[in-house]
Q: 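Dumping the structure here so I can ask a few things about it.
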There are 2 protein chains.
Amino acid sequence: MSLKIKDIAEKANVSVATVSRVLNGSDKVSQETREKVMEVIEKYNYQPDKIATSLRRKKTGIYGIIFSVKGGKVLEDTYSTKFLKGVLNYLSKKGLKLIVDIHESSDIVEYYDSVIQSKIIDGFILLDLRKNDERIKFLNQKKFPFVVIGRNDENDFVYVDSDNVSGAYMAIKHLEELRCKRVLYISGNEGIPVSEQRLRGVESASNDLNVSVDVVYGDFDEEKTVEILKSILKKGFDYDGIFCASDTMAYAAIKFLKRFGIEVPIIGYDNIPLSEVVGLTTVDQNIIKIGYSAAQALDKMVNGEEVVSLVVPSKLVKRQSTLNFSKRYFK
Amino acid sequence: MSLKIKDIAEKANVSVATVSRVLNGSDKVSQETREKVMEVIEKYNYQPDKIATSLRRKKTGIYGIIFSVKGGKVLEDTYSTKFLKGVLNYLSKKGLKLIVDIHESSDIVEYYDSVIQSKIIDGFILLDLRKNDERIKFLNQKKFPFVVIGRNDENDFVYVDSDNVSGAYMAIKHLEELRCKRVLYISGNEGIPVSEQRLRGVESASNDLNVSVDVVYGDFDEEKTVEILKSILKKGFDYDGIFCASDTMAYAAIKFLKRFGIEVPIIGYDNIPLSEVVGLTTVDQNIIKIGYSAAQALDKMVNGEEVVSLVVPSKLVKRQSTLNFSKRYFK
DNA sequence: TTGTACGCGTTATCAC
DNA sequence: GTGATAACGCGTACAA
């Protein structure tokens, strides 16, 4: 049996109220009694029961992330882990906890509702934002605290987002520095925010830097990417640089083109572990930082502080898939 | 304001006790009143407050995993995510929750203690088992429920482990089928359970199958692996097959040896995403299954059921890094 | 500055 | 089969 606040009170010859005050740093306790109580607390290594505290305070100090499962694909990449790592870096510093959960994306709103009603969680971090995301309408209407990773056109929530525009811009700029003139951009799915933002960065760089860019939609899919390249090859491949909206697409492109003896500078997006191994130049989104910032924002929000949305800068990681070509021109 | 059990009781013209009985499936409720109560519950979509329930029941329905951080390296691989996925597959089916946490490995036992005292968690899953693991002594002494991933010589806990012995055995057997006679085994760190188990599998296969195997310790480290190969090259490389205790080591070996024009069948361990991409034959531990089983075992344990330790079979995933060589002999 | 007593929302024990 | 009520461990309004 572990000690309760009552036991500590008795041992210190004070009331439970006083022990509670000491525990919660109230200033209405004399130095003397505070020390006396602290001594007993430390002697017995007393720690308050968080469940009882939560019931009383109506706050648990636990935040939640629900990964929505669509067709079994979830939690298999390093994006998730890195993100969690960032979130946990913040929370563990603050003595807060994180519940990680998964649920079918079909009745996801009902699930959020049930979790809220069960009262175990003080706030959510939302991943995989979609256009017209029902979760956001629901949480806003419930006035339940949440922070979103990514953003869309509707501006009715606090978000932490990766700077996709400048990330894509940097990629095209790097190709331009390698003297590329005709670049192929294989985008992600049309119509989703991430794709639109990266496309905007590509177009902006294309205009600024006088690089011609053709855009095709590879849907973040390796096979689709290969299909696209196949049909381009039929018409004749005359690009001198490729930028892909994901590393996996980029790697698929490299492998495929190699079979036809085509080697051009190529850049991916995400900096997955594979990219370091194979030497793929890529845009790193700093996911850990994004996770950290999201947790911080959510925590502030729950504690009534003012919170602003945030865009986390990406950085270009230059590797052999482009640097090999710089030698052609510069050495 | 969400409804409380009292509100439901009033609306259904029964006592809170009866509502509670309906909620918890007690058989001492007449069919009639049960239906009446259920109607109200569903009408208002009532859900009990889990915090209050936890306080009363002295159980939260939350389990915990604490990743211990040593030098910043944690939660960056797909092992962690896949494992979490397995755990969550089980827990979400049961309406249970998982707290994921990180903490410095230096004062890890004190941290477990504080989490236990705070009463938010019903049981732990332990990763990164070490020899003489202090956490196990501590949890055993506290009689706090836990399940361990991996095992060591001391047999004082319930574990779920990967079948490293037969995993390694399969790898050597596959090499033997490719007519390899002199195999190099680059092991993990000497003295840790995983390494010892895999080594046992290697030696057992070597005996059974009449394959000669030389063992060196690469410590799961890519650079160390390359160093080893360098010194072997100096003396003359005469192996016709390589088995590595990790995929990353195997890939480092392939890259290094290629520079010297050496290509032999090579097998890794873990089946990381990279391996599929580069076509590395490897042993897949079925981490998701391990996570699932661990969660299940822990849940049973917490609910007082008998629990036995478990060894989850691995399987060999054959890819080009070995299959390319089968053609030499068989076609 | 300190103590008493109530309430948080539920479950379990006891009467009826 | 059902209801009243104590108890879980803590925080805090109020009284002193």
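In what follows, chains carry the letters A, B, and so on, assigned in the order in which the sequence lines appear, proteins first and then strands, with residues in each chain numbered from 1.
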Q: Does B/Lys58 place a side-chain N or O at less than 4.0 Å from the phosphate oxygens OP1/OP2 of C/dT11?
A: no

Q: From D/dT2, D/dG11, C/dT2, pick the nucleotide closest to the side chain of B/Lys28?
A: D/dT2

Q: May I have the distance from B/Lys119 (atom NZ) to D/dC10 (atom P), rounded to whole angstrom?
A: 7 Å

Q: Can you check whether B/Tyr46 has a side-chain N or O nearer than 4.0 Å to OP1 or OP2 of C/dT10?
A: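 So the side chain of B/Tyr46 is within the cut-off, an N or O lying under 4.0 Å from OP1 or OP2 of C/dT10.
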
Q: Taking the side chain of A/Thr18 as heavy atoms from C-beta outward, which of D/dG1, C/dT2, C/dT4 is closest to it?
A: C/dT2

Q: CG of B/Asn24 versus P of C/dG9: gap in Å, rounded?
A: 17 Å

Q: Does C/dG3 have its OP1 or OP2 closer than 4.0 Å to a side-chain nitrogen or oxygen of A/Ser15?
A: yes

Q: Picking from C/dC8, D/dC8, D/dA4, which would you name as closest to the side chain of A/Arg56?
A: C/dC8

Q: Does NZ in A/Lys6 sit with more than 12 non-hydrogen atoms of other residues, nucleotides or ligands closer than 6.0 Å?
A: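 For A/Lys6, atom NZ is not crowded (no more than 12 foreign heavy atoms under 6.0 Å).
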
Q: Rounded to the Å, how far apart are B/Ile51 CD1 and D/dG11 P?
A: 14 Å

Q: To the side chain of B/Arg57, which of C/dT2, C/dT11, C/dT10 is closest?
A: C/dT11

Q: Could you walk me through whether A/Lys50 and B/Thr60 pass the side chain to side chain contact (heavy atoms under 4.5 Å, CB included) test, one step at a time?
A: CA-CA 11 Å; A/Lys50 270 205 181 161; B/Thr60 60; over 6 Å; no

Q: Measuring from the side chain of A/Asp49 (C-beta onward, heavy atoms only), which nucleotide among D/dC10, C/dT2, D/dG3 has the closest atom?
A: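 Minimum distance to the A/Asp49 side chain belongs to D/dC10.
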
Q: Donor-acceptor pair under 3.5 Å: do we get one between A/Arg21's side chain and the base of C/dG3?
A: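 Between C/dG3 and A/Arg21, which were checked side chain against base, a qualifying N/O pair under 3.5 Å is present.
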
Q: Please give, in whole Å, the distance from D/dG9 C1' to B/Ile120 CD1?
A: 15 Å

Q: Without decimals, in angstroms, what is the distance between A/Leu3 CG and D/dC8 P?
A: 15 Å

Q: In whole angstrom, give the distance that lies between atom NZ of A/Lys4 and atom P of D/dG9.
A: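 Taking atom P of D/dG9 as the reference, NZ of A/Lys4 is at 4 Å.
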
Q: Under a 4.5 Å cut-off applied to non-hydrogen side-chain atoms, are A/Ile290 and A/Ser162 in contact?
A: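 A/Ile290 vs A/Ser162: side chains touch.
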
Q: Measure NZ/B/Lys6 against P/C/dT11 and give the value in whole Å, please.
A: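 Answer to the nearest Å: 16 Å.
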
Q: NA contact type, A/Thr53, heavy-atom cut-off 4.0 Å: base, sugar-phosphate, or nothing?
A: sugar-phosphate

Q: Step through it carefully: locate the ring centre of A/Phe124, locate the ring centre of A/Tyr112, and say whether they are under 6.0 Å apart.
A: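 So the answer is yes for these two rings.
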
Q: Which is more 5' along DNA chain C, the nucleotide nearest A/Ala52 or the one nearest A/Val16? Just name the residue.
A: A/Val16

Q: Output yes when a side-chain donor or acceptor of B/Ser105 lies under 3.5 Å from a complementary backbone atom of B/Val69, and no otherwise.
A: yes

Q: Rounded to whole Å, please give me the gap between NZ in B/Lys36 and C1' in D/dG1.
A: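 Going from NZ in B/Lys36 over to C1' in D/dG1 covers 12 Å.
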
Q: Counting side-chain heavy atoms from CB outward, which of D/dC10, D/dG3, D/dG1 is closest to B/Ala17?
A: D/dG3

Q: Quick one: does any side-chain atom of A/Asn189 pair with a main-chain N or O of A/Ile192 as donor and acceptor, under 3.5 Å?
A: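 No, A/Asn189 side chain to A/Ile192 backbone: no donor-acceptor pair under 3.5 Å.
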
Q: Please tell me which of the listed nucleotides, C/dT11, D/dG3, C/dT2, lies nearest to the side chain of A/Ser30?
A: C/dT2

Q: From the list D/dA4, D/dC10, C/dT2, which nucleotide is the closest neighbour of the side chain of A/Thr33?
A: C/dT2

